[in-house]
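The next block holds one structure in the form of structure tokens; read it before the comments.
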Amino acid sequence: MVRLERHVKNLVASHTTAEGGKILHRYATWHLLRRVRRRSRGKEITHYQLAVARQHLRAAVCLLDWLEDENLTLATCRQADLERWMTSEDVRHRRETGHFVRWALAQKITSDLSFPAVRWNGPTPAMDDDARWDTARRLLRDDTLKPEDRLACLLLLLYAQ
């Protein structure tokens, strides 16, 4: 927990604008850290809890940095701006950013943004043999995908299934 608190303090202190730093401080201190403390129930936090909190924090920083580059704030950002960011090539932590946007909406920092939550419904059933071989054949011949992606998909498809 001490490592996470130190990480939050350094990240907030290194943020470029005062407004972004204040929002980041509120989000990190009063939402993320409080949530981790509540879930750990006084015990040592797990590596996974630490990693998820850091991902959510990095996602918030990425969005705030992009907003600053675009001369926007969370209050002035519109849905079209957020969607432009979400569809850009170099966006990182896209899914984790939804957590921050929904928090900002609940805190009334913004009122025009929407970022739907994704619910995990458990593992999907295994593919049958015909579907797996059809997909493997498509991956072998599909030139629209990068070769390294095709290879990774084939290995996953043939050995991890």
Side-chain angles (χ1 to χ4, degrees), residues 1-127 145-146 148-149 151-153 155-157 159-161:
M1 194 66 197
V2 171
R3 285 180 19 212
L4 181 58
E5 288 170 350
R6 191 175 329 129
H7 179 73
V8 165
K9 182 181 175 186
N10 292 338
L11 200 61
V12 169
S14 69
H15 206 269
T16 55
T17 65
E19 183 181 347
K22 286 178 186 177
I23 291 172
L24 202 55
H25 175 73
R26 279 179 60 189
Y27 175 66
T29 303
W30 299 109
H31 183 69
L32 287 179
L33 290 175
R34 193 177 107 227
R35 188 175 182 199
V36 170
R37 282 188 190 103
R38 187 179 67 233
R39 288 188 173 180
S40 68
R41 296 183 192 108
K43 298 177 187 169
E44 189 172 317
I45 63 173
T46 66
H47 173 73
Y48 181 72
Q49 288 172 317
L50 177 67
V52 167
R54 283 183 172 175
Q55 284 178 348
H56 285 192
L57 197 54
R58 279 192 294 263
V61 169
C62 287
L63 179 60
L64 288 172
D65 287 346
W66 181 83
L67 288 172
E68 289 167 12
D69 290 345
E70 298 291 317
N71 294 320
L72 295 169
T73 64
L74 274 173
T76 60
C77 182
R78 300 293 169 246
Q79 187 66 31
D81 299 320
L82 180 64
E83 289 174 4
R84 185 167 44 98
W85 175 78
M86 289 171 57
T87 58
S88 66
E89 293 281 329
D90 58 339
V91 67
R92 295 180 326 203
H93 307 292
R94 182 178 289 124
R95 186 174 46 184
E96 291 86 2
T97 304
H99 190 261
F100 175 65
V101 171
R102 287 186 296 277
W103 171 84
L105 192 59
Q107 297 297 310
K108 297 185 178 22
I109 296 170
T110 183
S111 60
D112 294 337
L113 301 181
S114 171
F115 203 115
V118 178
R119 181 174 299 274
W120 186 65
N121 294 323
T124 57
M127 295 173 95
L145 300 172
K146 294 183 207 172
E148 58 269 19
D149 291 343
L151 177 63
C153 289
L155 289 171
L156 184 66
L157 183 68
Y159 294 106
Q161 183 65 28

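Excluded from the calculations below are hydrogen atoms, water molecules and symmetry mates; all remaining heavy atoms, backbone and side chain alike, are included. Everything numeric here is computed off the predicted structure, so don't read it as measured data.
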| task | Tell me, yes or no, whether the heavy-atom count around E148 atom CD, taken from other residues, nucleotides or ligands under 6.0 Å, exceeds 12. | result |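 Enclosed: over 12 neighbouring heavy atoms sit under 6.0 Å from CD of E148.
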Between [atom1] on residue [X] and [atom2] on residue [Y], distance to nearest 0.5 Å:
X    : Y    : atom1 : atom2 : result
Q55  : L50  : CD    : CG    : 10.0 Å
I109 : W103 : CD1   : CH2   : 3.5 Å
L82  : W66  : CG    : CH2   : 7.5 Å
L33  : R38  : CG    : CZ    : 12.0 Å
M86  : T97  : CE    : OG1   : 8.5 Å
D69  : L64  : CG    : CG    : 11.0 Å

| Under a 4.5 Å cut-off applied to non-hydrogen side-chain atoms, are L24 and L57 in contact? |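 Contact flag for L24/L57 side chains = yes.
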| Contact check, side chains of E19 and E68, non-hydrogen atoms, under 4.5 Å |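 No, side chains not in contact.
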Without swapping roles, check the side chain of [X] against the backbone of [Y] for a donor-acceptor pair under 3.5 Å.
X   : Y   : value
T76 : L72 : no
R35 : H31 : no
D81 : R78 : yes
E96 : R58 : no

| request: With sequence neighbours left out, write down each residue that passes salt bridge (Lys or Arg N to Asp or Glu O under 4.0 Å) with E70, or none if nothing qualifies. | output: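 E70 satisfies salt bridge (Lys or Arg N to Asp or Glu O under 4.0 Å) with R84 once adjacent residues are dropped.
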Looking only at non-hydrogen atoms, find the nearest pair between [X] and [Y] and report the distance.
X   : Y    : value
C77 : D112 : O-CB, 4.3 Å
L67 : T73  : CD1-C, 4.1 Å
W85 : C62  : NE1-O, 4.4 Å
A53 : V36  : CB-CG2, 4.1 Å
S88 : R94  : O-NH2, 3.3 Å
H93 : A59  : CB-CB, 3.6 Å

| query | Going by the angle between their ring planes, with limits at 30° and 60°, are H99 and H56 parallel, tilted or perpendicular? | reply |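 Tilted.
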| task | Start with the C-alpha gap between R39 and Q49, add the side-chain angles, then the distance that decides, and say whether side chain to side chain donor-acceptor pair (under 3.5 Å) holds. | result | CA-CA 9 Å; R39 288 188 173 180; Q49 288 172 317; over 6 Å; no
